[in-house]
*Asks:* 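Handing you this structure, nothing more for now.
Counting convention: from 1, in listed order, for ligands and their atoms alike.
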Amino acid sequence: MLKLAVLISGGGSNLEALLAAAADPAYPARVVCVGSDTDAPGLAHAHAAGVPTFIVRPADAETRADWGRALAEEIRRHSEAVDAEPILVVSAGLMRILPPGFVDAFSPRLINTHPALLPSFPGAHAVRDALAAGATETGVTVHVIDEGVDTGPVLRQARVQVRPGESETDLHERIKQLERPLLVDTVRAIADGTIDLTDPSTYR
Ligand code: GAR
């Protein structure tokens, strides 16, 4: 059984989808803890499912590296309490760049979901940037996190056609409708060995 530590900053609809999938005994992963950098409203989904949560605020750490160390310690503390299986860190709407020390500590067992077809439109405003660029197609990418900003190897993507005159909110909502099942399926593929994170030839 793959253990998931999910990191969020916002509403947590992707977290909610993972929790719903993991409620099925046939799903090969469980959410063992949910962390945030802030009082994210999405933490309520973890509370409702009885999953432990923690908040590690960057403002409480002297440096980004210290913040990353504190975050890693919380993940280890919560995951070791469950059993010895490996942990997968899932950044599902965490709106912070994870510092290099954190990435080194978990690599390659950490993934991110991003609302664009990477390498197009990395960063915090992917949907807005795609609209501003006049893109007719965008989508969602689940990728391994490396030390860059949304630069890690792609595991899975799904495409969305942009509708003429569509707002950022509407487009992001349509992307998220594909994103939730894509994330759930990608985590399943990692858990059942279809994707071996140590072997990039299995990535897509
Ligand atoms: C998701 O669309 C995710 O891809 C995006 O934030 C949203 C969080 O939604 N992440 C980024 O933009 C990171 N650069 P959720 O809180 O409802 O899961």
*Asks:* Does a side-chain N-to-carboxylate-O contact under 4.0 Å join Lys176 and Glu179?
*Replies:* no

*Asks:* Can you check whether Leu88 reaches Ile190 side chain to side chain, under 4.5 Å on heavy atoms?
*Replies:* yes

*Asks:* Would you mind checking if Arg163 and Glu137 are paired as a salt bridge, meaning a charged N to carboxylate O distance below 4.0 Å?
*Replies:* no

*Asks:* Starting from atom 13 (C) of ligand 1, which protein heavy atom do you reach first, and at what distance in Å?
*Replies:* Met95 SD, 3.6 Å

*Asks:* Show which atoms of ligand 1 fall inside a sub-4.0 Å distance from at least one heavy-atom site of Gly11.
*Replies:* 16 (O)

*Asks:* Using a 4.5 Å cut-off on heavy atoms from C-beta on, say whether the side chain of Phe102 contacts that of Leu110.
*Replies:* yes

*Asks:* Check this for me - ligand 1, Asp150, N or O atoms closer than 3.5 angstrom, yes or no?
*Replies:* no

*Asks:* Nearest protein heavy-atom contact for atom 3 (C) of ligand 1: which residue, which atom, what distance?
*Replies:* Glu179 OE2, 3.3 Å

*Asks:* Tell me whether Ile8 reaches ligand 1 (any heavy atom closer than 4.0 angstrom to a ligand atom).
*Replies:* no

*Asks:* With a cutoff of 4.0 Å, is Gly123 in contact with ligand 1, counting heavy atoms of the residue only?
*Replies:* yes

*Asks:* At less than 4.0 angstrom from any non-hydrogen atom of Asn14, what atoms of ligand 1 do you find?
*Replies:* 1 (C), 9 (O), 15 (P), 18 (O)

*Asks:* So is Arg180 touching ligand 1 or not, going by heavy atoms under 4.0 Å?
*Replies:* no

*Asks:* Does the distance from a Lys or Arg side-chain N to an Asp or Glu carboxylate O, for Arg180 and Glu16, drop under 4.0 Å?
*Replies:* no

*Asks:* Just wondering, do Trp67 and Leu98 contact through their side chains at under 4.5 Å, heavy atoms?
*Replies:* yes

*Asks:* Can you tell me which residue and heavy atom of the protein come closest to atom 9 (O) of ligand 1, and the distance to 0.1 Å?
*Replies:* Lys176 NZ, 3.2 Å

*Asks:* Any donor-acceptor pair under 3.5 Å linking the side-chain atoms of Asp37 with those of Ser9?
*Replies:* yes

*Asks:* For His114, counting its heavy atoms only, list the atoms of ligand 1 lying under 4.0 Å from any of them.
*Replies:* 4 (O), 14 (N)

*Asks:* Just do the side chain to side chain contact (heavy atoms under 4.5 Å, CB included) check on Ile97 and Arg64 with the steps written out, would you?
*Replies:* CA-CA 9 Å; Ile97 308 303; Arg64 275 186 72 230; 3.7 Å; yes

*Asks:* Looking only at protein heavy atoms, which one is nearest to atom 7 (C) of ligand 1, and how far off is it?
*Replies:* His172 NE2, 3.9 Å

*Asks:* Distance under 4.0 Å to a non-hydrogen atom of Thr113: what atoms of ligand 1 satisfy this?
*Replies:* 3 (C), 4 (O), 10 (N)

*Asks:* Please compare Pro115, Ala124, Ala116 and report which has the shortest non-hydrogen distance to atom 5 (C) of ligand 1.
*Replies:* Pro115

*Asks:* Salt bridge or not for Asp39 and Arg57, using N-O below 4.0 Å?
*Replies:* yes

*Asks:* In the protein, which heavy atom is nearest to atom 17 (O) of ligand 1, and how far is it?
*Replies:* Ser13 OG, 2.7 Å

*Asks:* Can a non-hydrogen atom of Ala126 be found less than 4.0 Å from any atom of ligand 1?
*Replies:* no

*Asks:* So His143 and His114, would you call those rings parallel, tilted or perpendicular, with 30° and 60° as cut-offs?
*Replies:* perpendicular

*Asks:* Taking all heavy atoms of Ala158 and all of Leu178, pick out the closest pair and write down the distance.
*Replies:* CB-CD1, 4.1 Å

*Asks:* Considering only non-hydrogen protein atoms, determine which one is nearest to atom 8 (C) of ligand 1 and report residue, atom name and distance to 0.1 Å.
*Replies:* Gly93 CA, 3.7 Å

*Asks:* Quick check on Gly12 - does any of its heavy atoms sit under 4.0 Å from an atom of ligand 1?
*Replies:* yes

